[in-house]
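None of these values were measured; they are calculated from a predicted model.
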2 protein chains.
Amino acid sequence: MSRRAAPRPDAADEELAALAKALAHPARVRVLRLLARRGDGCIGCDIVADLELAQSTVSEHLRVLKAAGLIEGAVDGPRVCYRLRRAGLARLKGLVAAL
Amino acid sequence: MSRRAAPRPDAADEELAALAKALAHPARVRVLRLLARRGDGCIGCDIVADLELAQSTVSEHLRVLKAAGLIEGAVDGPRVCYRLRRAGLARLKGLVAAL
DNA sequence: CCGCTATATCGTCATTCGACGATTGCCGAA
DNA sequence: TTCGGCAATCGTCGAATGACGATATAGCGG
């Protein structure tokens, strides 16, 4: 029996891998650090100015971070106010610390 | 001068991104968990048996983890004994916790 | 009402990743 | 010394990433 050693996708592994993938790019790490510094304050296009990448590229990185639940963006008039998502960050820290 | 806002590659960002990239795959996370369970004990081809992937694929994942400094392998006769690299793991935890 | 500025999205292109099978290289055991 | 199992490497293929410019879109400020 035991047709297979049980694929056991293990949700925790997938979750950590997904979070890690969001972190797996210097530009995205930098965005997190940037937002962390301006704790309450939130940034908009300043992120584009800080990273040295095209606006569309930065937008894509922000999308990835948002999809991973590490940041969130609130529409504030014509601009968007990004800030860290404590919950997501905490989840990441917890999973990594458990290694 | 300040021709530009200084590309400031920021070594820490690159380092964290590189470590995160090594974690950015469920199979690699699983390998770390596997090695963590068998603290002192080390595994060889058992890893191939546990993951449900071809031997060459597993070998590649192990190579990535080793390159990132998260594991190390000691040749033991015809087989290789893998174990966690505490230092690398600690480095990762430290960088993530600092976020 | 018009145009500006800040974002998001689309399409494209080059590069990297992930997975496999096949091959090669290495010991240790028979 | 020949056999057999373990591990690394090579070559290939398809899918995903990352970067960019060109477009949309949405409100504010004049």
Within the 4.0 Å heavy-atom criterion, would you say A:Gln55 contacts the bases, only the backbone, or no part of the nucleic acid?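 Here A:Gln55 touches the bases of the nucleic acid.
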What is the nucleic acid contact for B:Leu62, judged by heavy atoms within less than 4.0 Å: base, sugar-phosphate only, or nothing?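 Nothing, no heavy atom under 4.0 Å.
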With respect to the phosphate group of D:dG18, does any side-chain polar atom (N or O) of A:Thr57 fall under 4.0 Å of OP1 or OP2?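 No, because none of the side-chain N or O atoms of A:Thr57 sits under 4.0 Å from OP1 or OP2 of D:dG18.
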Would you please confirm or rule out a distance under 4.0 Å between OP1 or OP2 of D:dC6 and any side-chain N or O of B:Tyr82?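 Looking at the OP1 and OP2 atoms of D:dC6, neither is under 4.0 Å from any side-chain N or O of B:Tyr82.
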Let's see if you can work this out: which of [options] has an atom nearest to the side-chain heavy atoms of [X]?
X	options	result
A:Arg28	D:dG5, D:dT9, D:dG18	D:dG18
B:Pro78	D:dG5, D:dA19, D:dT9	D:dG5
B:Arg79	D:dG21, D:dC6, D:dT9	D:dC6

B:Leu62 CG to B:Ile47 CD1 distance, which is reported to the nearest 0.5 Å: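 Here the interatomic distance stands at 5.0 Å.
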Could you state the interatomic distance from CG (A:Leu35) to CD (A:Glu72), rounded to the nearest 0.5 Å?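 Spacing of CG (A:Leu35) from CD (A:Glu72) equals 10.5 Å.
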Smallest separation among heavy atoms of [X] and [Y], with atom names:
X	Y	answer
A:Ala27	A:Leu53	CB-CD1, 4.0 Å
A:Lys66	A:Gly73	CD-N, 4.1 Å
A:Leu32	B:Leu99	CD1-CD1, 4.4 Å
A:Ala97	B:Lys93	O-NZ, 3.6 Å

Please tell me which of A:Lys21 and B:Asp46 maps to the more 5' nucleotide of DNA chain D, matching each residue to the nucleotide holding its nearest heavy atom.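 Nearest-nucleotide comparison on DNA chain D picks B:Asp46.
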Please give, in whole Å, the distance from [N] [atom2] to [X] [atom1]?
X	N	atom1	atom2	answer
A:Glu60	D:dT17	CD	P	9 Å
B:Lys66	D:dA7	NZ	P	11 Å
B:Glu72	D:dA8	CD	C1'	18 Å
A:Leu23	D:dT17	CG	P	15 Å
B:Ile43	D:dC6	CD1	P	14 Å
B:Leu53	D:dA7	CG	P	15 Å
B:Asp76	D:dC6	CG	P	13 Å

Between B:Arg28 (side chain) and B:Ala22 (backbone), is there a donor-acceptor pair under 3.5 Å?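 The answer is yes, because a donor-acceptor pair under 3.5 Å joins these two groups.
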Extract, from 5' to 3' on DNA chain C, the first and final nucleotides lying under 4.0 angstrom from some heavy atom of chain A.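 First and last nucleotides in contact are C:dA6 to C:dT9.
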